[in-house]
Number of protein chains: 2
Amino acid sequence: MKFSTRTTYGLRAMIKLAANYNKAAVSLAHIAKKEKISQKYLERLFVALKKEKLVLSEKGASGGYRLARDPKNIRIYDIVRVLEGEINPFHCVNDKGEIICSQKCHCGATAILIKVQGAINSTLQSMKLSDLL
Amino acid sequence: MKFSTRTTYGLRAMIKLAANYNKAAVSLAHIAKKEKISQKYLERLFVALKKEKLVLSEKGASGGYRLARDPKNIRIYDIVRVLEGEINPFHCVNDKGEIICSQKCHCGATAILIKVQGAINSTLQSMKLSDLL
DNA sequence: ATAATTCCTACTATTTTAGTGGGTATTACC
DNA sequence: GGTAATACCCACTAAAATAGTAGGAATTAT
């Protein structure tokens, strides 16, 4: 049970952008070097982050990325959701907490699953990017 | 971010055993059929569960498995821990909540990771197998 | 003796995750 | 206008984890 490195990489990169909020855009080359992450891999993460409107991009020399809004208004949940995909840690419950058990069952296990899922979600939702600076 | 099917299968099987606590041992063939899980796959899960002393086995005809102790005293955490391995959902924190970041950093991200990990663990630890009957 | 069981070892297939390569389009700056 | 730095795009490969299969041996109630 692990979050992918995508998520950790993405969080680290977003923290960098948050530190530069209202300042210059930050290039991926810079982040990749500082954080020792493959730049190519980062590029793909940022395509996703941009698509979900968490970041803005500026092309060309001295371009880069910046946060799309105040880090106070970006939940950790928002970032994880983009990079990790749906937060449905068990196969018989979807990300909305609905039971999708292939056996159509409501066995005792689903009670656990829903509770764990809720704990993860509410933790991620309670934290803002600005909390990490 | 998913728990493996091992864990869901194992929980479902353990619920079956709990329902038969103080009654006859339950065979894997029975569970496999009822729960539509590969028996061979279940066998391997139970090797692990037995090794960690969560279940007892009885060989031979009319044998099977039974819980090693009262379901009140088996935490969901204990089961998940065996089947899922260490609960360290991020690469830079181990299952004891210690930072093992390859960059030796204590970046803002670790605050999130530890909090999420704690939320998962305390949820799993708060629930007993007996709660699911 | 037989059939039902746990127990053991090894192998294969599938899926997910991580990472690489080779470019094009855009833009600040000299 | 040339150059270097950047985002952006597509396709491929590598590695790891997960899931599932195969063929048995040892044990035991009946």
Side-chain angles (χ1 to χ4, degrees), chain A residues 1-10 12-13 16-17 20 24-33 35-52 54-68 80 82-86 88-92 102, chain B residues 1-10 12-13 16-17 20 24-33 35-66 68 80 82-86 88-92 102:
Chain A
M1 207 287 288
K2 274 207 190 314
F3 287 87
S4 61
T5 57
R6 277 173 71 89
T7 299
T8 323
Y9 290 172
R12 275 156 56 189
K16 285 274 183 210
L17 296 198
N20 242 39
V26 183
S27 77
L28 293 188
H30 176 78
I31 297 176
K33 197 176 170 192
E35 298 282 331
K36 288 174 190 155
I37 297 171
S38 151
Q39 181 175 341
K40 284 290 189 184
Y41 201 51
L42 263 185
E43 284 180 8
R44 287 212 311 238
L45 305 192
F46 272 80
V47 167
L49 291 167
K50 187 185 176 188
K51 193 174 164 205
E52 296 300 320
L54 295 178
V55 299
L56 302 173
S57 66
E58 289 168 19
K59 278 191 169 184
S62 84
Y65 286 93
R66 55 177 74 246
L67 293 184
V80 174
V82 170
L83 298 175
E84 195 70 33
E86 298 192 345
N88 51 331
F90 299 99
H91 294 79
C92 42
S102 57
Chain B
M1 206 288 289
K2 275 210 190 310
F3 287 86
S4 60
T5 57
R6 277 174 72 87
T7 298
T8 322
Y9 290 172
R12 274 158 53 190
K16 284 274 182 213
L17 296 198
N20 243 40
V26 183
S27 76
L28 294 188
H30 176 78
I31 297 176
K33 197 177 171 193
E35 297 283 331
K36 288 174 190 154
I37 297 171
S38 150
Q39 180 176 342
K40 285 291 189 183
Y41 201 51
L42 262 186
E43 285 180 7
R44 288 212 313 237
L45 306 192
F46 272 80
V47 167
L49 291 167
K50 187 188 175 185
K51 195 174 163 204
E52 296 301 320
K53 300 196 171 57
L54 295 179
V55 299
L56 303 174
S57 65
E58 289 168 20
K59 276 190 170 183
S62 83
Y65 286 93
R66 54 177 73 247
V80 174
V82 169
L83 298 175
E84 195 69 32
E86 297 191 344
N88 51 331
F90 300 100
H91 294 78
C92 42
S102 57

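Here the structure is a predicted model, which is why all the values come from computation and not from measurement.
- Atom CG in B:L83 sits about 14 Å away from atom C1' in D:dA19, given to the nearest Å.
- As rounded to whole Å, 14 Å separates atom C1' of C:dT6 from atom CG of B:L45.
- B:S57 has a side-chain polar atom (N or O) that falls below the 4.0 Å cut-off from OP1 or OP2 of C:dC7.
- An OP1 or OP2 oxygen of D:dC8 is reached within less than 4.0 angstrom by a side-chain nitrogen or oxygen of A:Y65.
- No contact: A:F46 has no heavy atom under 4.0 Å from any strand.
- Nucleic acid contact class of A:F3 (heavy atoms, under 4.0 Å, all strands): none.
- One interatomic measurement links the two molecules: CZ of A:R6 to P of C:dG19, which rounds to 12 Å at whole-angstrom precision.
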Starting at the 5' end of nucleotides 21-30 of chain D, put B wherever the base has a protein heavy atom under 4.0 Å, S where only the sugar-phosphate does, and a dash everywhere else. BBBB--BBB-
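- Axis angle between the ends of the helix from C:dA1-D:dT30 to C:dC30-D:dG1, five pairs each and rounded to 10 degrees, works out to 10°.
- Per the geometry, NZ belonging to A:K50 stands 17 Å off P belonging to D:dT6, to the nearest Å.
- Between A:Q39 atom CD and D:dA5 atom P there is a gap of 12 Å when expressed in whole angstrom units.
- Whole-Å rounding puts the B:L56 CG to C:dT5 P distance at 18 Å.
- In this structure, CD1 of A:I37 is placed 13 Å from C1' of C:dG19, rounded to the nearest angstrom.
- Aromatic ring orientation, A:Y41 versus A:Y9: perpendicular (interplanar angle above 60°, classes split at 30° and 60°).
- Atom CD of A:E43 sits about 6.0 Å away from atom CG of A:L28, to the nearest 0.5 Å.
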